[in-house]
Every structure is written in C-alpha cells, then in structure tokens.
Amino acid sequence: MNNFLKTRTQRLSKSHGLKQNRTELSESSRSRTIRRAASNIGGYDVFISYRHTGNLLYALELERRLKAKGLLVFRDESDEDVGTSLDTFIKRACSARTFVILVTDNVYESSSVFEEFSAYLIVRLGRWNLRPFSRVIPVNVDRAIERAPEEPKIWQHLSDFVFVADTKLAVKQGIPSDLVVQKIVRSSSFLRSWLRFFAAILISGIVLAATILGTSGYLYNTLKRLSSAQNELSVTQEQTAELEQERQALTTRNAAINWLSEDPVLSYRLAEKAYKQNPNESYRKVVRQALSAIDLAYQVRLEGLVIEDVKSPLILLKESDENQNRFFIYDMRDGAITEGGFSGSQAWIIPTPDGWRTVSKNWAGDGLDAAPTFQLHNDKGQKIGNKIVSKPLSTLQFLTVSDVLVRSEDGGFIKWDLLNDTRENIEPERTKFGPGYFRSIYGALDVRSDGKSAVYESDGLALMDTTGQILDDTYTQVSFDPASFYSSALWSHDDLFLALNYFDRKRLGIWNPARKTFHWLDPNGWVVDQHAWSNRNHTLAFSGRTENNVDVTLEILDAKFPKSSRRIILSDDVPARSIAFMPDDNGILLGDRNGVMRHIDVNTGALLGKGAHPNVGQLYSSSYGVYSTSDQDFRVWDGRANPSKHWTFVSKAERTFGATGAVSANWNWIAVPFREQDKNGIEVREIINGKVIQLEAPPDSPMNIVFSPNSKWLVLQSTDNIWIYDTNLWNAHKFALIEKDRQYFNIIVSNTKVRAHVLGSNYMNNSDDEFEYVISLASEVPKFLERLSPFVEKDYENLEDSLTEKAVEGWNVGNLFRYRSAGLRRVPNAKWASYIKCRDQALGARDCDIQFIPLDIEKLIELYDDLIWKPDDETINSWIDASNSK
C-alpha cells in the first residue's frame with residue numbers, strides 16, 4: 001500500500017511540474033515524531049474522508065496543500081473493498097476539528113465513509129463540549145449532495161452543513177480549487193484560534209466566577225443557563241441515540257447481505273432484526289431477498305455440538321472440551337434437549353420404553369498402560385453397576401440392539417446386556433464353518449430390528465440370532481478379505497438386504513440372506529463415497545465416482561433387482577459427503593464436499609431446493625426429520641418444502657395454468673385455474689404446507705378468480721359462467737348467463753355480494769348494451785338477486801391496481817426472458833401480488849407460470865417465525881461480528 005501511494009504521489013508531482021527533491025518531499029524522523037505526538041495530544045486539524053475509486057489523486061493533492069499551510073492533516077487510507085478495519089480511522093476522524101468529506105456520486109456506496117461520517121456526527125457533534133470546536137465541510141462535487149439517497153438517512157445530514165463546491169474535472173485531474181483549500185484553511189485556523197481563545201476565556205471566567213459567585217443574580221442566571229444546556233443536551237442525546245440505532249440497523253442489514261449466498265436462513269434472521277430496528281423499504285427488500293433465497297430451512301442449530309450416536313428417536317450429541325466431552329440427548333419427537341449428566345471420550349445411547357440408557361468410555365492409567373473403561377448410566381446420568389475395565393484399544397461391539405460384546409482385562413469376552421446390566425463371560429464360539437474369530441473380535445456388522453445380526457463367518461456372511469447362534473441356512477460365501485474391515489454396513493428398513501461398504505477398495509455391495517446372494521455395484525472400478533436406504537422399503541441411493549473425482553454420479557436402485565433397476569438421477573463433479581432420503585422417500589438430500597445441500601427428486605432427478613451446511617459430515621433421516629452434523633454444529637432440517645415453494649404454479653405439458661389467480665385474506669389458500677386433458681379445473685393449495693385441493697371448473701375460458709374478503713367464498717368467472725365455492729366444503733354454486741347475454745366481463749366480490757359486469761347480446765352493435773348481475777353471499781347458499789341496467793363503469797375502476805417493481809423488490813422472480821409476456825398484478829381482496837409469466841400471448845393466455853408474492857411483510861415474518869431457526873440476540877450479534885471481520 002505504501003509503495004502504491006508513493007508511486008501515485010510521484011506521478012502527481014510530475015503532472016504539476018513539482019520539482020522538489022527527495023529531501024523536500026519527505027519529513028524527517030524528528031518532524032514525524034513531533035506531528036504524531038501533537039495529534040495524540042490535541043487531535044488533527046483536518047481529517048479527509050473520501051471514496052478511493054476515482055478520487056485518490058484529488059485527496060493526495062488536497063492533503064499536500066493543507067500540510068503546506070501548516071495544518072496537521074490525516075487522510076483516510078482505508079478501503080472497504082479490501083476489508084480494512086475502520087476502528088483506527090474512525091477514532092482519528094473523531095479527534096479532528098475539521099471533518100472534510102469529498103462528496104461524489106460514488107461516495108454513497110462506501111461503507112467506510114458512511115461509518116466515519118456517522119461516527120463524527122455522534123461522537124463529535126453529538127457532545128456539547130466538543131461541538132464548538134468541530135466543523136464538517138463537504139466538498140460538493142457537481143452538486144452531488146442534491147443526489148444523496150433517502151436511505152440511510154445519515155446521508156441527508158450533508159445538506160445541514162455549509163459546503164464548498166468543486167468540479168468533476170478538478171477531481172479527475174487531482175487539482176483542488178483554491179476556494180476549497182482556502183475554505184478549509186480558514187475554518188481550521190479559526191477553530192484553532194477559537195480553542196486558544198476559549199482556554200483564555202475559561203481561565204478568566206474562573207476568576208470572574210470566583211468574584212461574583214456569592215451573588216444570587218449570577219447563581220440564578222447560571223442555573224438557568226445550565227437548565228437550557230441540559231435540555232439541549234437531552235435533545236442531542238435523543239438525536240445521537242437515533243443515529244446510533246440507524247447505524248446498528250445498517251450494520252445488521254449489511255451482515256444479512258454478506259451471509260445471503262452462504263446461509264439464507266441466517267441471512268433472513270439478520271435481515272429480520274435489521275427491519276425491526278428500521279422498518280423502511282430498503283430493509284424490507286433484504287427480508288424478501290433472504291426469504292425467496294431459502295429452499296431448505298433448518299429449524300434447530302446448536303453450535304459446538306456434534307452427533308455422537310443415533311438410535312431413533314434419540315440422538316446423542318457431544319460437546320468437546322479441552323479436558324473432557326459433555327453429552328446431550330436430543331429427542332426427535334419433540335425437539336427436547338436433555339443434558340446427559342456424564343462425561344467421557346466416547347459414548348453410545350440405548351433407547352428404552354420409558355427413556356434411555358447411555359454407555360460412556362473413559363481411560364484408566366497413563367500412556368501405553370492406559371486401558372479403556374465402560375460405564376452404564378440411566379437417563380439422569382447416574383451410574384448403573386460397576387465399570388468394566390477392558391483390554392487396550394478395544395471398544396464395544398453391538399451384537400443386538402442392547403447386547404454388546406467387550407473384551408475383558410484377561411483377554412476373554414464379556415457379553416453385556418445393557419437393559420438389565422447382566423454380564424456373562426463367554427468364549428469365542430466355533431461352528432461347522434470354522435472359528436468365529438471375526439464375529440468375536442469385531443462383533444455384528446449391523447443389527448436388524450428383530451435382533452438378528454449380520455456377521456462375518458469363515459470367509460462368508462451369515463445371520464446370528466439373539467443367543468449368538470449362527471443361522472446356517474443364511475451362510476453366503478464371499479470373495480473379499482474381512483481383515484480390511486468395513487467402513488459401514490446397514491440393513492434396509494424392511495430388514496431384507498444389507499448394504500456393505502467395503503473399506504479397503506471403497507466398494508459397495510448388497511447381500512440378500514434369504515437367497516444367499518451378494519452383488520457388487522461397481523463392475524468398472526467405480527469408487528463409492530456414500531449410500532443410504534429409503535425410510536420404508538429397500539430402495540438404495542448411492543453416490544460414487546472414478547478415481548479422478550470429476551465424474552460423480554448419484555444413483556438409485558431397487559435392491560431386489562439391483563441390475564435392471566439401477567439408474568442415474570444426478571451427474572456432477574463434486575464428491576458427496578453424505579446422503580439421506582427425505583422422510584417421505586420422494587426426495588434425497590445430498591451434502592457435498594463444498595458444504596452445499598441439495599434436495600433431489602427421486603423420480604425425475606429435478607433439483608427441488610438448495611441449502612448450505614459448511615463441512616457437513618453425516619446426514620441422518622427418520623420419519624421425524626433430517627439431521628446433519630459437521631465438526632462445529634448440529635442442525636435439524638425441515639423435511640417439508642419452504643412455504644414460498646408452494647406459491648409458484650408452473651405449467652407443464654399435462655397441466656397448464658391460466659393468467660389469473662387468487663389468495664385468501666386469511667392466508668389459508670392460493671387458487672389458480674388450470675386446463676388438463678381438455679378439462680378445466682382449479683388447483684387450490686394451502687399456503688403453508690402446499691396441500692392440494694382440486695376443484696371442478698366450468699368448461700369455458702376462465703377470466704377472473706377472487707376470494708371474498710372474509711375468505712368464506714371463492715368466486716371463478718369464466719366467459720359464460722360464475723361458479724361460487726364455499727371454502728368449508730368446497731361445494732360449487734353455478735350461475736350461467738341469462739336473457740341471451742353475450743359474456744361475463746369482470747367481477748367485484750365483497751363479503752355479502754358478487755357484482756358481475758356483463759356484455760349484452762347487442763354489445764357488438766350497441767356499446768351501451770351492458771348489465772350488472774348481483775349475487776348475494778349473505779346466506780349459506782349464494783342467491784341471484786337482480787340484473788341491473790345501465791351498467792355503472794366507475795364502480796369497476798381500479799379493481800386491480802398495477803404494481804411497480806419496487807413493491808416486490810428483492811423477491812426472486814426467476815428468469816423473465818424465458819417468457820413471451822410477464823407482468824405484476826395486485827391480487828383482489830388480499831395483500832398479495834401475482835407475477836404472471838406466460839409462454840404464449842398475454843390476452844387469453846393458457847400456458848402461464850404464476851408466482852405469488854406477499855406484500856404484508858409483518859404477516860410474512862410471522863408466518864416464518866416458527867418454521868426456521870430462531871437464535872437468541874447473543875448468537876445473532878456474534879454472527880454480525882463474524883460478518884464484519886470477513
């Protein structure tokens with residue numbers, strides 16, 4: 001940075017014919033020391049704040065000329081584009097008697113200039129004792145002050161000060177006008193003189209006050225002045241508090257923007273906090289940006305906790321410490337978190353009918369003589385029975401859901417029933433296939449729900465029952481070496497197939513014990529990364545690649561027909577770290593090595609949503625939800641789609657949507673007419689969960705659809721019919737044209753009636769042939785009341801107010817270039833807008849996508865409040881600090 005400024009200074013010197021030598025341009029070490037000491041004691045005469053881009057030459061020359069006049073000058077060398085900390089610059093700005101701000105059109109984009117200016121207003125001008133010795137001088141470049149943005153409001157304070165004008169040409173050439181220099185010099189000299197004068201006055205005042213202190217008149221006047229000063233100070237403090245609140249809101253908003261691409265959920269919570277601090281349109285925009293960017297939402301985020309063990313419906317979480325690990329139990333059913341009450345280097349959890357038990361592993365002794373010890377605990381963390389001291393480097397091997405095998409100190413084996421705390425010394429068994437060496441040492445590969453286990457037995461795989469006996473009729477010989485161990489083995493949820501991930505070669509195979517077959521899934525040397533079973537049957541998803549890491553695939557198959565059913569649903573170039581089926585088995589959640597979480601449709605391979613979990617380790621899925629862990633935190637993901645996903649209707653070949661839609665004012669339903677196989681209908685979706693209700697509709701072209709303001713009725717108007725549906729039972733009440741009228745043209749719906757604009761049979765010949773149908777909604781069944789003439793046009797004006805882009809600014813509306821026509825419309829009787837995007841002509845369009853956007857930001861925040869992670873203020877503030885340090 002110093003070399004850069006030196007080069008720029010040399011160029012500036014040459015352009016102005018400056019011929020000072022190196023000695024004249026530089027200050028001596030002694031001079032710099034004196035100046036530094038002076039600034040520390042009395043502050044700077046001038047602080048120059050400016051946006052670096054395009055303005056550096058001007059600032060450099062202005063600094064040089066002011067120093068030549070004998071002023072102590074500090075020029076802001078911070079640059080927000082490279083993330084330099086502003087603390088030092090803000091402190092020096094607030095120590096200066098004259099704050100010079102170079103106001104150009106691009107200065108409003110500078111967060112560093114904003115921070116310095118707002119701090120000067122608060123710290124310097126906001127204090128009564130410093131205000132007389134402080135002055136702001138804006139250098140107004142081509143009247144840029146007049147173009148100050150309305151938000152943040154601090155920029156509007158620029159017009160409160162007497163400015164000095166300069167031109168864009170002067171800035172470009174780096175030549176401040178003489179008027180600018182003179183103005184700053186006079187102001188700084190005046191303040192410096194005024195400071196000396198004030199010191200002299202203060203000394204004289206003390207002497208004078210001592211003389212007349214005893215007089216009541218002086219005391220009265222002094223108290224009066226103090227009261228006035230106190231009132232003024234109170235007003236100043238209120239203004240300072242407002243400026244500080246605005247600064248905090250802006251900082252939080254900037255943090256929300258910084259986290260938007262990495263973590264939309266966190267970004268939304270920051271944006272929500274900023275909006276509540278300053279509820280204006282620019283902050284609404286960030287809230288909309290964050291919400292429309294959320295595809296996958298997590299409801300729980302626990303910092304510092306990672307998954308240690310999972311036994312549905314319980315998850316054992318671990319918090320690592322320098323000295324020991326603490327454990328917590330998370331209940332999937334209700335989200336309750338209970339402290340385990342014990343510590344250890346490792347632990348396991350065993351669900352019981354009325355709670356749980358845990359086993360902790362610790363170490364006894366030191367160094368190479370240290371031996372692992374295992375202790376059983378109840379759900380209150382209390383010890384059950386005595387600990388077991390084992391042989392070095394041994395661990396627990398689960399033979400069944402609650403029975404484990406552990407090596408004892410003498411080299412034998414202990415079969416431990418964790419539910420009853422019974423212990424049995426056993427010897428490694430032998431069968432007709434030979435020694436059960438690997439079964440005895442390494443235990444079961446995985447335990448089925450019926451208690452039977454898959455074990456390696458004499459160069460083969462077999463089932464073992466709960467008594468430890470091998471089921472001979474399941475023995476299947478295999479060709480791989482068990483001494484290389486397995487990275488994982490997992491039964492399908494129907495207990496029919498075992499997926500075996502062979503660690504040595506990273507191969508994935510499927511064992512069928514009923515048919516005694518084993519099938520590899522990698523005939524071409526393909527390497528497996530992750531696999532997962534579906535939650536209900538034996539569908540297997542797995543991700544793999546070749547050794548060059550660039551041709552990653554996500555594949556799926558039915559384990560009953562592993563060859564014929566195998567298919568690729570995703571091709572990518574980032575290896576997977578974890579896979580899990582969504583709770584409904586219709587989607588797969590994949591976490592890759594970049595920390596990206598993707599929700600993929602099982603049937604089509606379509607991307608349904610994206611999220612983020614940096615350094616994601618493992619995913620777990622159950623009927624209760626999806627759970628992920630990294631080396632830093634634990635998260636609970638909502639298996640449902642983000643609500644805004646339900647607010648977009650996309651036409652497909654089998655079903656196309658019309659160019660109209662309705663939203664109920666109670667935020668229960670969205671309704672859009674559709675056409676499918678030459679039949680018309682209405683698709684009604686629940687706003688929060690997307691549940692679909694399909695209604696029959698009239699056969700002619702739909703024109704308008706509107707909910708009544710009380711959400712009791714849904715009214716569809718086509719060219720020849722009005723159908724009114726009650727939203728309780730969704731029964732349809734039908735009203736066709738009468739008196740040979742030509743068509744319905746428009747409708748207005750209130751809580752008590754429907755008013756329909758109708759074109760008469762002679763409309764094409766007589767423009768006055770128009771009528772109004774009135775239908776009552778006052779009773780349980782809609783009733784036709786009358787046909788009125790003449791039609792009154794003014795009652796139908798402004799039925800759908802046009803919306804500007806600003807009304808929904810920030811909400812992601814997709815790629816509009818894909819469509820032939822697109823536009824915003826206000827939804828009648830609801831605080832919603834609809835973005836209608838049609839592939840054919842707008843008039844009479846039948847092939848449209850419709851996206852609904854809520855306009856009530858308070859209601860929108862209320863809707864999402866319980867759906868996604870809601871941290872406390874301390875956590876949010878820590879993420880704001882993390883954003884500022886990025």
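Along the sequence shown, residues are numbered consecutively beginning with 1. Both backbone and side-chain heavy atoms feed into the values below; hydrogens, waters and symmetry mates do not.
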Report task. Report yes or no: does Ser267 contribute a side-chain atom to a donor-acceptor pair with the main-chain N or O of Ala256 at less than 3.5 Å? Result -> yes
Report task. Return yes if some donor-acceptor pair links the side-chain N/O of Arg536 with the main-chain N/O of Pro583 below 3.5 Å, else return no. Result -> yes
Query raised in the report: Sequence neighbours excluded, which residues qualify as ring pair (Phe, Tyr, Trp, His ring centres under 6.0 Å) partners of Trp811?
Result: none
Query raised in the report: Which residue pairs pass the salt bridge (Lys or Arg N to Asp or Glu O under 4.0 Å) test when at least one of the two sits in residues 704-719, sequence neighbours left out?
Result: Lys712-Glu780
Query raised in the report: How many angstroms lie between atom CG of Asp495 and atom CZ of Phe497, to the nearest 0.5 angstrom?
Result: 11.5 Å
Query raised in the report: Listed by chain and number, what are the side chain to side chain donor-acceptor pair (under 3.5 Å) partners of Gln618, not counting sequence neighbours?
Result: none
Requested in this report: Find out whether Met332 and Val310 are in side-chain contact, i.e. whether some heavy atom of one side chain is under 4.5 Å from a heavy atom of the other.
Outcome: yes
**Report entry** Residue pair Ser711 / Ser664: nearest heavy atoms and the distance that separates them
**Finding:** OG-CB, 3.6 Å
Query raised in the report: What pairs with Phe542 under ring pair (Phe, Tyr, Trp, His ring centres under 6.0 Å), at least two apart in sequence or on another chain?
Result: Trp526
Report task. List for me each residue that meets ring pair (Phe, Tyr, Trp, His ring centres under 6.0 Å) alongside Tyr298, sequence neighbours excluded, and say none if there are none. Result -> Trp637, Trp869
All N/O donor-acceptor pairs, side-chain side in residues 687-694, below 3.5 Å, sequence neighbours left out:
unit_1: Asn689; atom_1: OD1; unit_2: Lys691; atom_2: N; d: 2.9
unit_1: Asn689; atom_1: ND2; unit_2: Glu686; atom_2: OE1; d: 3.1
unit_1: Gln694; atom_1: OE1; unit_2: Arg655; atom_2: NH2; d: 2.6

Query raised in the report: So, the side chain of Asn829 versus the backbone of Val749: is there a donor-acceptor pair under 3.5 Å, distance only?
Result: yes
Query raised in the report: When you look at Leu695 and Leu716, which way does the side chain to side chain contact (heavy atoms under 4.5 Å, CB included) test go after all the steps?
Result: CA-CA 11 Å; Leu695 306 176; Leu716 174 67; over 6 Å; no
Query - Inter-residue atom distance Ser292.OG - Leu260.CG, 0.5 Å rounding - result: 8.0 Å
**Report entry** Spacing of Ile705 atom CD1 and Thr660 atom OG1 [to the nearest 0.5 Å]
**Finding:** 7.0 Å
Report task. Check whether any side-chain N or O of Ser776 sits under 3.5 Å from a backbone N or O of Lys753 as a donor-acceptor pair, and report yes or no. Result -> no
Query - Heavy-atom side-chain proximity of Asp741 to Arg787 below 4.5 angstrom - result: yes
Query raised in the report: Between Gln717 (side chain) and Ile722 (backbone), is there a donor-acceptor pair under 3.5 Å?
Result: no
Requested in this report: Please examine the side chains of Trp713 and Ile724, heavy atoms only from C-beta on, and report whether any two atoms are closer than 4.5 Å.
Outcome: yes
Query - Any side-chain heavy-atom pair of Phe649 and Phe674 under 4.5 Å - result: no
Query raised in the report: Any idea which heavy atoms bring Ser628 and Met597 closest together, and the distance?
Result: CB-CE, 4.3 Å
Report summary line: In short, Val663 meets Ala830 closest at the heavy-atom pair O-CB, 3.3 Å
Query raised in the report: Which distance, rounded to the nearest 0.5 Å, do you find between the OG of Ser789 and the CD of Glu739?
Result: 11.0 Å
Query raised in the report: With side chains defined as the heavy atoms from C-beta onward, is the minimum distance between Ile738 and Tyr773 less than 4.5 Å?
Result: yes
For residues 556-564, which side-chain N or O atoms pair as donor and acceptor with protein atoms under 3.5 Å away, sequence neighbours left out?
unit_1: Asp558; atom_1: OD1; unit_2: His538; atom_2: NE2; d: 3.2
unit_1: Asp558; atom_1: OD1; unit_2: Lys560; atom_2: N; d: 3.0

Requested in this report: Considering non-hydrogen atoms only, spot the tightest contact between Val808 and Ala833 and give its length.
Outcome: CG1-CB, 4.3 Å
Query raised in the report: What's the verdict on side chain to side chain contact (heavy atoms under 4.5 Å, CB included) for Asp295 and Leu608, showing C-alpha distance, side-chain angles and the deciding distance?
Result: CA-CA 8 Å; Asp295 287 330; Leu608 302 178; over 6 Å; no
Query - Stepwise side chain to side chain contact (heavy atoms under 4.5 Å, CB included) test for Val574 and Val596 - result: CA-CA 10 Å; Val574 182; Val596 176; over 6 Å; no
Query raised in the report: Closest approach of Ser644 and Tyr864, non-hydrogen atoms and distance?
Result: N-OH, 3.3 Å
Report task. Hey, could you give me each pair passing side-chain hydrogen bond (donor to acceptor under 3.5 Å, both in side chains) that has a residue in residues 725-734? Not counting sequence neighbours. Result -> none
Requested in this report: Search all heavy atoms of Ile569 against all heavy atoms of Arg567 and return the closest pair with its distance.
Outcome: CG2-NH1, 3.3 Å
Query raised in the report: With a cut-off of 6.0 Å (strictly less than), are more than 12 heavy atoms of other residues, nucleotides or ligands near OH of Tyr620?
Result: yes
Report task. Using the test ring pair (Phe, Tyr, Trp, His ring centres under 6.0 Å), find all partners of Trp723 that sit at least two apart in sequence or belong to another chain. Result -> none
Query raised in the report: Between Arg269 and Glu272, is a salt bridge (charged side-chain N to carboxylate O under 4.0 Å, His left out) present by the stated rule, with each step listed?
Result: CA-CA 5 Å; Arg269 285 306 185 189; Glu272 176 197 20; 2.9 Å; yes
Give the table of side-chain donor-acceptor pairs shorter than 3.5 Å for residues 848-856, with sequence neighbours excluded, one pair per line with atom names and distance.
unit_1: Asp849; atom_1: OD1; unit_2: Ser651; atom_2: N; d: 2.8
unit_1: Asp849; atom_1: OD1; unit_2: Arg839; atom_2: NH1; d: 3.0
unit_1: Asp849; atom_1: OD1; unit_2: Arg839; atom_2: NH2; d: 3.3
unit_1: Asp849; atom_1: OD2; unit_2: Tyr819; atom_2: OH; d: 2.7
unit_1: Asp849; atom_1: OD2; unit_2: Arg839; atom_2: NH2; d: 2.7
unit_1: Gln851; atom_1: OE1; unit_2: Lys837; atom_2: NZ; d: 3.2
unit_1: Gln851; atom_1: NE2; unit_2: Asn812; atom_2: O; d: 3.0
unit_1: Asp856; atom_1: OD1; unit_2: Glu858; atom_2: N; d: 3.3
unit_1: Asp856; atom_1: OD1; unit_2: Lys859; atom_2: N; d: 3.1

Query - Side-chain donor/acceptor of Asp700 to backbone N/O of Ser718, under 3.5 Å - result: no
Query - Any donor-acceptor N/O pair, Asp585 side chain to Asn535 backbone, under 3.5 Å - result: yes
Report task. State, with a plain yes or no, whether a side-chain heavy atom of Tyr624 is found less than 4.5 Å away from one of Val636. Result -> no
**Report entry** Validation row: Pro698, Asp720 side chains within 4.5 angstrom (heavy atoms)
**Finding:** no
Query - Main-chain N/O of Asp529 paired with Arg545 side-chain donor or acceptor, under 3.5 Å - result: no
Query raised in the report: Can you tell me how far CH2 of Trp669 sits from CD of Glu683, rounded to the nearest 0.5 angstrom?
Result: 15.5 Å
Query - Flag, side chain of Ser621 to backbone of Phe581, donor-acceptor distance under 3.5 Å - result: yes
Query raised in the report: Does Asn666 use its side chain to pair, donor to acceptor, with the backbone of Asn668 at less than 3.5 Å?
Result: yes
Could you pull out every donor-acceptor pair under 3.5 Å between side chains of residues 284-291 and any protein atom, sequence neighbours left out?
unit_1: Arg284; atom_1: NH1; unit_2: Glu281; atom_2: OE1; d: 3.4
unit_1: Lys285; atom_1: NZ; unit_2: Glu809; atom_2: OE2; d: 3.3
unit_1: Arg288; atom_1: NE; unit_2: Glu809; atom_2: O; d: 2.9
unit_1: Arg288; atom_1: NH2; unit_2: Glu281; atom_2: OE2; d: 2.4
unit_1: Arg288; atom_1: NH2; unit_2: Glu809; atom_2: O; d: 3.2

Query raised in the report: Given side chains that start at C-beta, do those of Asp592 and Arg598 come closer than 4.5 Å, heavy atoms only?
Result: yes
Query - Approximate separation, where rounding is to 0.5 Å, of Ile510 CD1 and Leu496 CG - result: 12.0 Å
Query raised in the report: Listed by chain and number, what are the side chain to side chain donor-acceptor pair (under 3.5 Å) partners of Asn537, not counting sequence neighbours?
Result: Ser534, Thr539
